[in-house]
Amino acid sequence: MLTTSRSTPTPLLLVEVLRQPQRSNCNHRRRPPFLASMFYAKLLSGAIALIAIDTSSSFGCPPPERLSRLLKATDSGEAPIILMPCCYDGITARLVAQSGFNATFMTGFGVSGAGGYPDTQLVSFNEMVLAAGKVAEGLSSAALEQVNYGEPDYAGEPPVAIPCIADGDTGYGNAINVKRTVFGYARTGMAGMMIEDQVAPKRCGHVAGKAVIPFDEAVQRVKAACDARDEYEALFGKGTGPLILARTDSLVTDGFEDAIQRCIAFREAGCDMTFLEAPQTIEQMKEYCQRVTGPKLANMLEYGNTPILPPHELQQMGYTIAAYPLTLLSASIKTMQESLQLIKEGKPTLDKILDFSETKDVVGFTKYAKEEDRYKC
């Protein structure tokens with residue numbers, strides 16, 4: 001949509017720019033949320049005319065819209081369940097994207113663990129937002145590299161940065177803090193945010209010592225997150241507000257029926273997805289999928305409390321997303337421990353590591369060298 005503050009015709013040059021080919025399929029380009037409306041000032045007949053340009057189609061769809069389309073495709077049966085390995089920094093985000101997955105999740109356990117802390121909310125809101133920024137950079141850089149965007153051999157294939165859901169924990173305070181958390185993640189380019197009903201400071205859903213807030217307070221927490229999503233869209237355009245994944249940990253503390261009722265209430269409050277944490281049996285997983293509407297996430301934590309099932313079985317039950325929260329962190333810890341032991345014993349580590357050229361490529365040296373040559377005088 002193009003609107004001006006005057007009736008003066010838009011300059012032909014600008015019209016031609018806006019008429020450049022546009023794709024209706026959003027799977028071609030990721031853009032920052034603030035590009036939902038871009039304003040240009042043009043001197044017309046001695047006055048400044050403000051031109052508001054809806055760039056939703058010319059710049060592709062924003063991350064939340066991309067995630068929404070993935071969810072709808074899976075829920076309708078048109079696409080397989082979304083496999084979501086969880087990342088926690090720039091390099092793990094790049095690895096997930098380079099491996100061809102359609103989405104990822106920034107895990108608070110991983111961010112905490114990478115900082116040397118347990119997942120007990122010792123990491124602050126600002127630290128999580130900074131981590132989200134690094135994840136977003138990793139995803140966008142990987143997308144550009146995969147299609148050689150801007151290089152002489154670029155074939156025109158559009159770069160696609162996969163969407164990421166960020167861990168919002170308990171929202172870092174009251175309902176107003178929850179809303180600020182949503183906005184903070186939105187500004188980093190996150191496609192969604194998880195909000196949960198634990199008492200702060202929260203902890204990993206598969207460890208002892210959990211406690212949840214009362215039912216009504218939990219619903220209001222989720223509603224605040226949903227309101228923030230809608231307010232962000234009102235400011236920056238349709239499809240820019242992070243989707244809300246509402247999680248309950250009340251199964252262990254208050255029983256399975258309470259957990260189901262919370263998920264149902266979260267949906268009524270407006271959340272886009274639900275996550276019943278730590279079901280202990282296949283029967284509980286099936287009943288959850290039967291009784292709660294909308295997209296649902298299965299948390300496939302190896303050695304945790306929930307049965308680990310193949311993706312196709314999870315989709316048959318009614319799950320939309322299969323998340324693997326600690327696989328990358330745990331695998332890296334194991335390999336590092338084994339490598340350290342080999343070093344300690346004076347033994348070679350070659351079977352534990354990549355070739356140096358591969359390591360350089362994974363972290364971006366190949367792309368950097370091309371970019372450096374591109375801008376040489």
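Numbering starts at 1 and runs along the sequence shown.
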S.K.: Within the side chain of T349, is there an N or O that forms a donor-acceptor pair under 3.5 Å with the backbone of S339?
M.R.: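 Judged by distance alone, no pair lies under 3.5 Å.
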
S.K.: Mind checking whether L144 and I91 sit in one hydrophobic cluster, side chains of I, L, V, M, F, W, Y counted as touching below 4.5 Å?
M.R.: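 No, L144 and I91 fall in different hydrophobic clusters.
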
S.K.: Do R291 and E257 sit within salt-bridge range, that is, some charged N less than 4.0 Å from a carboxylate O?
M.R.: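 Yes, charged N to carboxylate O under 4.0 Å.
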
S.K.: Is there a side-chain contact between Y324 and M84 in this structure, where contact means two heavy atoms from C-beta onward sitting under 4.5 Å apart?
M.R.: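 No; the side chains remain at least 4.5 Å from each other.
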
S.K.: Does L329 offer a backbone N or O that forms a donor-acceptor pair with the side chain of S332 under 3.5 Å?
M.R.: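 The answer is yes, because a donor-acceptor pair under 3.5 Å joins these two groups.
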
S.K.: Does the side chain of T74 pick up a donor-acceptor pair with the side chain of Q315 at under 3.5 Å?
M.R.: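 No, no side-chain donor-acceptor pair sits under 3.5 Å.
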
S.K.: Between D355 and S357 (side chain of the first, backbone of the second, donor and acceptor by atom type, cut-off under 3.5 Å), is there such a pair?
M.R.: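 Yes; judged by distance alone, with no hydrogens or angles, the pair exists.
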
S.K.: Will you find, in the side chains of S124 and E127, an N or O donor that is under 3.5 Å from an N or O acceptor?
M.R.: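 Side-chain D/A pair, S124 to E127: present.
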
S.K.: Is a side-chain donor or acceptor of R229 paired with a backbone partner of G270 at a separation under 3.5 angstrom?
M.R.: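 Yes: the side chain of R229 pairs with the backbone of G270.
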
S.K.: First locate atom CD1 of I82, then atom CG of L67, and finally report the distance between them rounded to the nearest 0.5 Å.
M.R.: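 I82 CD1 to L67 CG: 6.5 Å, rounded to 0.5 Å.
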
S.K.: Can you hop from I333 to F109 via hydrophobic side chains spaced under 4.5 Å?
M.R.: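 Linked within one cluster.
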
S.K.: Before giving the answer on side-chain contact (heavy atoms from CB on, under 4.5 Å), spell out for K210 and E277 the whole-Å C-alpha distance, their side-chain angles and the decisive distance to 0.1 Å.
M.R.: CA-CA 12 Å; K210 291 194 302 180; E277 172 66 302; 4.3 Å; yes

S.K.: Is the NZ atom of K134 crowded by more than 12 outside heavy atoms at less than 6.0 Å?
M.R.: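 Atom NZ in K134 is not crowded, with 12 or fewer foreign heavy atoms closer than 6.0 Å.
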
S.K.: Any chance NZ of K179 has more than 12 other-residue heavy atoms, nucleotides or ligands included, within less than 6.0 Å?
M.R.: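 Counting other residues, nucleotides and ligands, NZ of K179 exceeds 12 neighbours.
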
S.K.: Hey, are the side chains of L314 and M300 touching, using non-hydrogen atoms and a 4.5 Å cut-off?
M.R.: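 A side-chain contact under 4.5 Å exists here.
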
S.K.: Grouping I, L, V, M, F, W and Y whenever their side-chain heavy atoms are under 4.5 Å apart, do F215 and I195 come out in a common cluster?
M.R.: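 Yes, because F215 and I195 connect within a single hydrophobic cluster, where side-chain heavy atoms sit under 4.5 Å apart.
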
S.K.: Does any part of the side chain of L276, heavy atoms only, come nearer than 4.5 Å to the side chain of V292, both counted from C-beta?
M.R.: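 Side-chain contact under 4.5 Å: no.
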
S.K.: With a 4.0 Å cut-off, would you call K238 and E233 a salt bridge?
M.R.: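 So K238 does not pair with E233 through a salt bridge.
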
S.K.: Could you verify whether a donor N or O on one side chain and an acceptor N or O on the other, from Y288 and T274, lie under 3.5 Å apart?
M.R.: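 Y288 vs T274: donor-acceptor pair found between side chains.
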
S.K.: Please collect all ring pair (Phe, Tyr, Trp, His ring centres under 6.0 Å) contacts where either partner lies in residues 161-201, sequence neighbours excluded, each pair once.
M.R.: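 Checked against ring pair (Phe, Tyr, Trp, His ring centres under 6.0 Å) - neighbours excluded - the pairs reaching residues 161-201 are F125-Y172, F183-Y232.
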
S.K.: For D167 and T107, indicate whether the former's side chain and the latter's backbone hold a donor-acceptor pair under 3.5 Å.
M.R.: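 Pair absent, no side-chain N/O of D167 close to backbone of T107.
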
S.K.: Could you walk me through whether E302 and T327 pass the side-chain contact (heavy atoms from CB on, under 4.5 Å) test, one step at a time?
M.R.: CA-CA 7 Å; E302 298 90 344; T327 307; 2.7 Å; yes

S.K.: Walk me through it: do I81 and L83 pass the test side-chain contact (heavy atoms from CB on, under 4.5 Å)?
M.R.: CA-CA 6 Å; I81 190 170; L83 300 179; 4.1 Å; yes

S.K.: Distance check, rounded to the nearest 0.5 Å: T248 atom OG1 versus L251 atom CG?
M.R.: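 Output value for this atom pair is 8.0 Å.
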
S.K.: Looking at L342, is its backbone amide N or carbonyl O close enough to the side chain of E345 to form a donor-acceptor pair, meaning the two atoms are under 3.5 Å apart?
M.R.: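 No; judged by distance alone, with no hydrogens or angles, the pair does not exist.
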
S.K.: Do V160 and R66 have side chains that approach each other closer than 4.5 Å (heavy atoms only, starting at C-beta)?
M.R.: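 SC-SC contact between V160 and R66 confirmed.
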
S.K.: Rounded to the nearest 0.5 Å, how far does CZ of F266 lie from CE of M273?
M.R.: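 Answer rounded to 0.5 Å: 13.5 Å.
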
S.K.: Rounded to the nearest 0.5 Å, what's the gap from CZ on F365 to NZ on K370? Could you check?
M.R.: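 If we round to the nearest 0.5 Å, F365:CZ and K370:NZ are 15.5 Å apart.
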
S.K.: Quick one: are L71 and L243 in side-chain contact, heavy atoms under 4.5 Å?
M.R.: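 L71 vs L243: side chains touch.
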
S.K.: Looking just at side-chain N and O atoms, do E196 and T170 make a donor-acceptor pair shorter than 3.5 Å?
M.R.: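 Distance-only check fails for E196 and T170.
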
S.K.: Do the side chain of R267 and the main chain of C271 share a donor and acceptor less than 3.5 angstrom apart?
M.R.: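 Yes: the side chain of R267 pairs with the backbone of C271.
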
S.K.: Taking the basic N atoms (NZ, or NE/NH1/NH2) and the acidic carboxylate oxygens, is any pair closer than 4.0 Å for D197 and R262?
M.R.: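 Judged by the 4.0 Å cut-off on N to carboxylate O distance, D197 and R262 do form a salt bridge.
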
S.K.: For the side chain of S76 and the backbone of A73, is there at least one donor-acceptor N/O pair under 3.5 Å apart?
M.R.: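 Flag set: sc S76 to bb A73 pair under 3.5 Å.
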
S.K.: Give the C-alpha distance, both sets of side-chain angles, the deciding distance and a yes or no for side-chain contact (heavy atoms from CB on, under 4.5 Å) between V111 and M128.
M.R.: CA-CA 7 Å; V111 175; M128 291 295 289; 3.7 Å; yes

S.K.: If only atom types and distance count, is the side chain of T320 paired as donor or acceptor with the main-chain N or O of K296 below 3.5 Å?
M.R.: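 Yes, the answer is positive, given that a donor and an acceptor are paired below the 3.5 Å cut-off.
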
S.K.: Which heavy-atom pair separates P163 from A191 by the least distance, and what is that distance?
M.R.: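 Minimum heavy-atom separation between P163 and A191: CB-CB, 3.5 Å.
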
S.K.: Mind checking whether F101 and Y88 sit in one hydrophobic cluster, side chains of I, L, V, M, F, W, Y counted as touching below 4.5 Å?
M.R.: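 Shared cluster, yes.
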
S.K.: Checking the side chain of Q284 only, and the main-chain atoms of Q280 only, is there a donor and an acceptor separated by less than 3.5 Å?
M.R.: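 Flag set: sc Q284 to bb Q280 pair under 3.5 Å.
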
S.K.: May I ask you to say whether E372 pairs ionically with K376, meaning some side-chain N is under 4.0 Å from a carboxylate O?
M.R.: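 Here E372 does not pair with K376 in a salt bridge, since their nearest N and O are not under 4.0 Å apart.
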
S.K.: Indicate yes or no: at least one non-hydrogen side-chain atom of P325 is less than 4.5 angstrom from one of N299.
M.R.: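 Yes, close enough: below the 4.5 Å cut-off.
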
S.K.: Could you tell me which non-hydrogen atom of V147 sits nearest to which non-hydrogen atom of Y154, and how far apart they are?
M.R.: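 Reported closest heavy-atom pair: O-CD1, 3.1 Å.
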
S.K.: Considering only NZ, NE, NH1 and NH2 on the basic side and carboxylate oxygens on the acidic side, decide whether R94 and E145 come within less than 4.0 Å.
M.R.: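 Answer for the salt bridge query: yes.
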
S.K.: Heavy atoms only: give me the nearest V135-C164 pair and the separation to one decimal.
M.R.: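 So the minimum-distance heavy-atom pair works out to CG1-SG, 3.9 Å.
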
S.K.: What closest approach, in Å, do P279 and T306 show between heavy atoms, and which atom pair accounts for it?
M.R.: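 For P279 and T306, the tightest heavy-atom pair comes out as O-OG1, 3.0 Å.
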
S.K.: Taking all heavy atoms of L328 and all of C86, pick out the closest pair and write down the distance.
M.R.: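 Smallest interatomic distance, heavy atoms only, reads CD1-O, 3.6 Å.
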
S.K.: Less than 4.5 Å apart, any side-chain heavy atom of V182 and any of E231?
M.R.: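 They are not in contact (no side-chain heavy atoms under 4.5 Å apart), so the answer is no.
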
S.K.: Heavy atoms only: give me the nearest Q146-Q98 pair and the separation to one decimal.
M.R.: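 Smallest heavy-atom distance, with atoms named: NE2-CA, 3.2 Å.
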
S.K.: Give, for atom CD1 of I282 and atom CD of E313, the distance between the pair rounded to the nearest 0.5 Å.
M.R.: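 CD of E313 is found 7.0 Å from CD1 of I282.
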
S.K.: Nearest 0.5 Å please: distance from the CG atom of D216 over to the CD atom of Q220.
M.R.: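 Reported value, rounded in 0.5 Å steps: 7.5 Å.
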
S.K.: Following the transitive rule for hydrophobic clusters with a side-chain heavy-atom cut-off under 4.5 Å over Ile, Leu, Val, Met, Phe, Trp and Tyr, establish whether L301 and M106 coincide in one cluster.
M.R.: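 Linked within one cluster.
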
